[in-house]
Protein chains: 2
Amino acid sequence: MAKGNKRISIADLAAELGLAISTVSRALNNAPDVSGATKAQVWALAEKWNYQPNSLAASLRRGRSNMLGVIVPHINGAFFPAVVHGIENGASQAGLNVLICQSNEDARQEQKHVEALLKAQVDGILVSASNTTEDLAHFERIRAQGTPLVFFDRMPALPQACGVVVDDYRGAYQVMEHLIGQGCRRIAHLAGPPHLNTTAERLRAYREALLAHGLPFDEQLVVPLDNSTTDAGAAAMRRLLGLYQPPDAVFSAYDFPAGGALQLLEERGIRVPQDVALVGFSNEPFTTMVRPRLSSVDQRGVLMGEAAVQLFLQLLKRTELFSGRRIVLKPQLVVRESSVRR
Amino acid sequence: MAKGNKRISIADLAAELGLAISTVSRALNNAPDVSGATKAQVWALAEKWNYQPNSLAASLRRGRSNMLGVIVPHINGAFFPAVVHGIENGASQAGLNVLICQSNEDARQEQKHVEALLKAQVDGILVSASNTTEDLAHFERIRAQGTPLVFFDRMPALPQACGVVVDDYRGAYQVMEHLIGQGCRRIAHLAGPPHLNTTAERLRAYREALLAHGLPFDEQLVVPLDNSTTDAGAAAMRRLLGLYQPPDAVFSAYDFPAGGALQLLEERGIRVPQDVALVGFSNEPFTTMVRPRLSSVDQRGVLMGEAAVQLFLQLLKRTELFSGRRIVLKPQLVVRESSVRR
DNA sequence: TAACTTATCGGTATCGTTTCCGAATATCTT
DNA sequence: AAGATATTCGGAAACGATACCGATAAGTTA
């Protein structure tokens, strides 16, 4: 072992081999203008001395850090972890490290994370916007810096934003057709935030599917959720049951509130799906553990993450070509006991 | 705006103000040997030009990157996301960025991630070992580099490893005392991997609690789980039900298998908790959604993450003082319907 | 008044790479 | 055999910041 405990650099290798630093550098990078013989020498010594390149220095010189910044609202539930997993798949294939940040549905934290990521010189930023994000200045700033930016799932209303989303409208529409096909005529909707593209689309599909099938759209049947917890779902369900004409089906924009609604219905002795059919959204693992099993819509998390990285890589090559480009994934309705009437 | 689209450096600021680069640097760092007047100048211009320090350059020079590497087996379920959340809390307080990697319970991926993190010059590494980690060479390498290393939850058998864990023995022992107190006399255990400290401790507590209460230890009642899924739990439960003398209680080392066992018992028409009492481990959110609600043990994820960062910070100051130091958190038994007999 | 602190700032080496450019040798043309 | 082209390597300038050391001016002390 050379140099005692100190970390060794290409200068050390160069000195030992009597080569120039630049030659060692190109040898390690397998450049074409280094002979095979010297490459072999360099590689051998690097191996022997366990040389670890200082990626900070390389990044500084190159101008890029080989790091990908990711901002998610949270990593609870199953969806965002799945996306993160997909991102890591794609990133490791491309030789990129991934910096993950949680905004906790807080716009201020999101801004902070954007600043931090830009300061850390990430090569690109992948973000799913928080619930509370109204001001979009920090996203503009990313573009201004020339850093590739791609959204996933939650896309803010930016004209030329790139991103990959699931076709929420289509998924929700399938839910509605399914419920209507099961004979439900008075379908309620537990709605997410109206300013989120995802939940807005689900609501739009809810409405348009009703009208398309000659069913009335009753505003009383649309209950906004304060958050995506079981409690919020139970509260919303309680309100629906207090109606003069309660619904015979509930389509929830999220799974956990659907679970909460299920609990309340159980307490009240209302049968699911016979009295009230129930469908959620996200296909959380717990949907198969409750009784009756909860129908839901799968959002293709892993696929979404991988697609987001692909889009980023394309953006890296030719920014202008992919401006405004968005990839739309097909969701998958998973029908279970909670919505099947016999 | 100056310099067109280019990112500006302290050299630009220095040139504009007629100062030396070094002075600008110290001004920005609020060094004591810069006058208040010039500091104000520098800060004003930095603000006006939206100067963003290049942390790569600073890190290169300083020798530390302000980044914390984290390796988790996965971010499914609720526990590890909670830990990650705690880590982010602690890290952001300390001004550190967090690099999160998933090993997917694969020792090879874990090694890869260690290499990547070391190459990325992280200031420290926080890791919960994978299921399949036998060879510990990559952990030794971290120590050899002088990089602080702290484990959480899953700790390998390294003599002087630092880490923060939950008292699995205590938690499991409480479970057993609870079950015995409920009148259960033939308690089975769905066991996790024997080479993991966590699950090994749970098994040990299972055994010792039995003996301490004068109950026999029957090897047939200990069923190893292939993984921590519901299917594995159902399979294990099936095996238990095939026994000549089936158990009257099951303590599962994880929640999801407990959920699977619950499903199977329901299918067979076996009442929980009257015929078989059931307790899991991890306190997953779904435990409150199934019927009967599942008793479980909370592992204090957020707290664990924060404690891990604290331990890292101490390690950073005085490595030698905290060698072998481990923080032990108290778990919390949460009793629900699945284990309460009346 | 000379010497000595103190406050403030400039110059420069350095961190470890990459990359451009040019030099030296070797190989290939007619 | 002389010039043209390829191959292989070395030198040196960056990248952007930090830190050591020395210089200058002002204030203090004897």
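Lettering of chains follows the sequences in order, A, B, ..., and the numbering in each one begins at 1.
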Exercise. May I have the step-by-step check of side chain to side chain donor-acceptor pair (under 3.5 Å) for B/S22 and B/S25, ending in yes or no?
Key: CA-CA 5 Å; B/S22 55; B/S25 171; over 6 Å; no
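Between C/dG10 and B/T23, a contact under 4.0 Å exists linking OP1 or OP2 to a side-chain N or O.
When heavy atoms are screened at a 4.0 angstrom cut-off, B/S25 is found touching base atoms of the nucleic acid.
Distance CD1 (A/I8) to C1' (C/dG16): 12 Å, rounded to an integer number of Å. Per the geometry, CD belonging to B/Q121 stands 12 Å off C1' belonging to C/dT17, to the nearest Å. A/I21 places its CD1 atom 18 Å from the P atom of C/dC20, with the value rounded to the nearest Å. Here C/dA23 presents its P atom at 17 Å from CG of A/D33, a figure rounded to the nearest Å.
If you take CG on A/D123 and CZ on A/R64, they are separated by 6.5 Å, rounding to the nearest 0.5 Å. Of the inter-residue distances, the one linking B/L13 atom CG with B/W43 atom CH2 reads 13.5 Å to the nearest 0.5 angstrom.
For DNA chain D, the outermost nucleotides in 5' to 3' order that have an atom under 4.0 Å from a heavy atom of chain B are D/dG16 to D/dA19.
Residues B/E306 and B/R300 are not paired through a salt bridge, judged by the lack of any N-O separation under 4.0 Å between the basic side chain and the carboxylate. Salt bridge annotation for B/E16-B/K48: absent, with no cationic side-chain nitrogen under 4.0 angstrom from a carboxylate oxygen.
Between B/R26 and B/Q52, the one whose closest nucleotide on DNA chain D sits nearer the 5' end is B/Q52. Toward the 5' end of DNA chain D, the nearer of the two residues A/G36 and A/S22, judged by each one's closest nucleotide, is A/G36.
Neither side chain, B/H138 nor B/E115, offers a donor N or O lying under 3.5 Å from an acceptor on the other. Side-chain atoms of B/R141 and B/Q111 include no donor-acceptor pair closer than 3.5 Å. Of the N and O atoms on the side chains of A/T133 and A/S130, at least one donor lies less than 3.5 Å from an acceptor on the other residue.
Few gaps surround NZ on A/K39; more than 12 heavy atoms of other groups in view lie less than 6.0 Å from it.
Residues from residues 54-64 of chain A placing a heavy atom under 4.0 Å of any atom in DNA chain C, listed by number, are A/N54, A/A57, A/A58, A/R61, A/R62.
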